[in-house]
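What follows is one structure encoded as structure tokens, with my remarks underneath.
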Amino acid sequence: MFDWPLDWIALLVAFAALAFARRTSDRLAEVQARLAKLEGARPIAAAPVVAPPLSPLQEPAEAPPMPPPLPEPTEAALQPAAMASDAAAEQPPLVSPPPVPQPAAGFEERIGTRWVVWIGGLTLALGGFFMVRYSIEAGLVGPEVRVALGALFAAALLAAGEWTRRKESISQIAALPIANIPAMLTAAGTAVAFATIYAAYALYDFLPPAIAFVLLGMVALGTLAAALLHGPALAGLGLVAAFTTPVLVSTGEPNYWALYIYLAIVTAAAFALARVRLWRWLAMTTIGLSFLWTLPGLDAGVETVAPHVFHVAVGFALAALIVVCGFMFGPAAENDEVEPISSVGLAVYLLGAMLVVLASFHDGLALIGFTVLVAATLAVAWRAPSAVGAVAAAAATVFLVFAEWALRDNPELLVLPGGALPGMGPNPLGASVTSHLVTAAIFALGFGGAGFLAQGRAHNAVVPVVWSATGVFTPLALLVALYARIAHLDRSIPFAILAVVLAAGFAVATEALTRREERPGLSASIALFATGTLAALALALTFALEKGWLTIALALMSLGTAWIFESRPIPFLRTLAAVFAGLVVLRIGHDPRIVGADVGTTPIFNWLLWGYGVPAASFWGASYLMRRHGDDAPLRAVEAAAILFTTLLAFLEIRHAVNDGDMLAVPSLAEVGLDVCVALALAIGLERLRERSGSIVHNISAVILTGFAGGATVLGLLLFENPMISDAAIKGGLLNILILAYALPAVLMLLLSYAVAGRRPPTYGNTLAAGALVLALSYVSLEIRRIYHGPDLTAGPTSAAEQYTYSIAWLAFGVVLLGIGVIVQSQRARLASAIVIALTILKAFLVDMSALTGVWRALSFIGLGLVLVAIGWLYQKVLFRRQQPAPPAQPTA
């Protein structure tokens, strides 16, 4: 008996047929509308008046009498007529009005001509299924008769579809009615036939798996063949049926050879149909379904490698022969354009071959098959530029295969905080090093040679650029993968020699291309080969020297690319320089110490100087060269990298010097103070630089560094690292760490406030001046504290003499600020003096009055009073001196 899964399958097949039929009817309607529009757009000549057609029973009327001949026109009468004809000749020809558009189909027409046909086809298919179901439930006939009736019903539907198609053969296929009745009947017939064969196999065991498989495949292929006559609906139905047949008919022991031979026949039929009818969707759907059938059985072992290689190889060959435009039997190509389906089709089968290699742990047969497909991709793209996109996919798959091989046998390269990645250890099935070396050499020579020889062969600039990009990328990527696998990222002179040889080859190619006449894409290709030369030289340095030289090499590549842009102004080179800068930033993000714990103990002259100083200088040089040709995103990226590396160089060298080479030590007062000084000094320099460059990067970087200095001042110098709060010891005499932590930052912050005066909002500069005042008062106070208490500022109580000293020092500091303000005529200095003196007055009344006793209290107030009087006199007599008015003149006699 039929069970519910079979009913659902039948229902899904019927709905699929309905969907495809509706799709093809909509497409045919669109074609008819376009044809009508094209016919209406043709210029209509003045047609003679044609009498209406006569019915068979109507006889023609007698011809009307001819009018008498007109008299001959005279010469005088001909002159106006000639003038009128000349004027008419000068006027533009009359254009016939466009045809009146046909009214859209109404509701009744849509119901009667479209929906009825679609619903009728679905009803026929479901009727066959339900009739069989009723016969089962009622016990009317036996299983054999049910299958026979299903087959007869399917044959009847197919015959009806063919009969209706031949009856309507008066019209061409492109002019089929919008509701394609023959296609609907044929789709219903194939669906019933498919369900009948599957029922005979799955429910009643009338057919062995092999016979059922063959019959189902024949129905699917027949459906594809019928699609030549009935349109894309049957093509889609047949394609789905063909690729789902192996799922419906299965055995306990899968036979991959039989499966892939069957899929090769189905793929060939589908590609041929797509080529004949130029159905792009059918070709892409076939490629996608064929790729999905590559996945089953990949992990079944070495015995399934051969059929999988056969499957991807046959699919690749069929796609190259039938689908690729302009190669063998595919559609014609246009002007060396890169056609998406031609490129994607080959790329999908290359991806399948790569998966076979990875799943089989680089089995020898899988690796050979992959190599053959990559070589075939180069050959196809060489003849058909429409498939040149597959060359880039081939280069990517080659790199992935060799990168996975290098990492699989070197788990130490994948060590993470949680350990090595699972399943990435050495495997006894791994391919030998020799075979990979030979394969890598073949790939490097193939891609590199093709990338050079392909220059000047195409009129489309994209084609030679793709060839040159893959010709440069693939040898470099293979060299890095082999170096990681064989040399374990350690020093290797042989690999350094190979890198130098590769750089020489790229340099020769660059020089040879430079001498050629200009062709589409030639300039970009020259730039790519020149960049490859720099990259190979950088790798040579990396292989021959220590690991930290990779950072230096990448940074120098950014400078070299900017220098090449000077002679070859190709926009891509600016982006490439920014990419190299980004790679260096990512490199230090992985390990800021560049070489791990081997930084060295010598202050300044250690690996930090080379690992950060050389990239910083390189990025500054690259930004200088790039700024000559405009301000854009790549330039800003390089400028940001230059500022970042300069700042990190200063900060890390300070950390290294202060902590005796320990890069993981806890920050101290000296380190925070020096960091604030460096940030302020860099901000001053960037403020000056942005006035000349106008760069938004310099502008924002100056603000960021100023904000960092302010935050480090508040959180570090005034709170957490403050000697009055922490246990930091201030050793030495007058020249101690307080000068670097408070006095020097105060001076730099004051200079920065003057550097931004008139260039930024007044609040910005006034805030910096206030910060400088706070740091200066802190330095004066902490220095007095150190004099009275020694290195430990938190030890012992505060004496009366110490309190008096604070008052005198603050008052003297305020007087000094006032004197500076008077001399240089600075209102800001005078306001700072007023603030300091006001603080001194508050301290006198709030602290000294209660804390000081005896002579100290008297001296404090006497001194403060004298200073205040002197300040008042200074303001009256010097700053705001008023001129006495002259006495009035005495009248003379």
Side-chain angles (χ1 to χ4, degrees), residues 399 403 406-407 410-421 476-477 480-481 483-484 488-490 534-535 538-539 541-543 545-562 575-600 606-623 633-656 659 661-667 671 675 678-679 682 697 700-701 704-705 707-708 711-712:
F399 170 69
L407 297 176
N410 289 275
E412 67 274 6
L413 302 180
L414 294 175
V415 173
L416 300 176
L421 293 180
L476 291 174
V480 173
Y483 167 71
H488 304 278
L489 299 183
D490 291 331
L534 296 176
L539 289 177
L541 292 176
T542 305
F543 298 158
L545 304 173
E546 300 293 337
K547 298 178 182 179
W549 287 97
L550 177 60
T551 305
I552 299 175
L554 291 174
L556 292 175
M557 287 173 61
S558 179
L559 176 60
T561 306
T575 304
L576 190 61
V579 169
F580 285 137
L583 291 176
V584 179
V585 173
L586 294 177
R587 170 68 179 86
I588 65 168
H590 172 69
D591 185 7
R593 297 176 297 177
I594 306 296
V595 290
D598 301 330
V599 177
N606 47 58
W607 250 108
L608 296 174
L609 180 62
W610 313 117
Y612 285 90
V614 175
S618 175
F619 295 148
W620 281 114
S623 64
L635 170 63
R636 295 170 185 174
V638 175
E639 286 180 340
I643 296 172
L644 175 64
F645 271 78
T646 303
T647 305
L648 290 179
L649 171 64
F651 286 170
L652 292 177
E653 286 286 9
I654 290 172
R655 167 167 280 270
H656 182 275
N659 300 297
D662 185 5
M663 303 300 296
L664 302 177
V666 179
E671 182 179 352
D675 287 345
V678 168
L682 291 175
V697 175
I700 295 176
S701 299
I704 293 175
L705 286 171
F708 170 80

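We use all heavy atoms of the structure for the numbers below, so side chains are in, but hydrogens, waters and symmetry mates are not.
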Quick one: are M557 and L583 in side-chain contact, heavy atoms under 4.5 Å?
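No, side chains not in contact.
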Just wondering, do V599 and L608 contact through their side chains at under 4.5 Å, heavy atoms?
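When only atoms from C-beta onward are counted, V599 and L608 do touch, with a gap below 4.5 Å.
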Any donor-acceptor N/O pair, R655 side chain to A665 backbone, under 3.5 Å
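Side chain of R655 to backbone of A665: a pair is present.
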Would you confirm whether T561, through its side chain, and L576, through its main-chain N or O, come within 3.5 Å as a donor-acceptor pair?
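Absent.
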Measuring from [X]:[atom1] to [Y]:[atom2], what's the distance to the nearest 0.5 Å?
X: L652; Y: N606; atom1: CG; atom2: CG; value: 9.5 Å
X: L586; Y: T551; atom1: CG; atom2: OG1; value: 11.0 Å
X: L682; Y: L705; atom1: CG; atom2: CG; value: 5.5 Å
X: L554; Y: L539; atom1: CG; atom2: CG; value: 8.0 Å
X: T575; Y: L635; atom1: OG1; atom2: CG; value: 11.5 Å
X: I552; Y: R587; atom1: CD1; atom2: CZ; value: 10.5 Å

Got a sec: does the CH2 of W620 have more than 12 other heavy atoms crowding it under 6.0 Å?
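Result for CH2/W620: enclosed.
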Grab the two heavy atoms, one from [X] and one from [Y], that are nearest each other, plus how far apart they are.
X: V697; Y: R636; value: CG2-CB, 3.4 Å
X: A481; Y: A403; value: CB-N, 4.3 Å
X: S701; Y: I643; value: OG-CD1, 3.3 Å
X: A616; Y: T646; value: CB-OG1, 3.7 Å
X: A577; Y: S558; value: O-OG, 3.1 Å
X: A553; Y: A538; value: CB-CB, 3.3 Å

For V584 and F619, run side chain to side chain contact (heavy atoms under 4.5 Å, CB included): C-alpha distance rounded to whole Å, both residues' side-chain angles, the deciding distance at 0.1 Å, then the answer.
CA-CA 10 Å; V584 179; F619 295 148; 4.0 Å; yes
Residue list, ring pair (Phe, Tyr, Trp, His ring centres under 6.0 Å) with Y612, at least two apart or on another chain:
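Result, ring pair (Phe, Tyr, Trp, His ring centres under 6.0 Å) vs Y612: F645.
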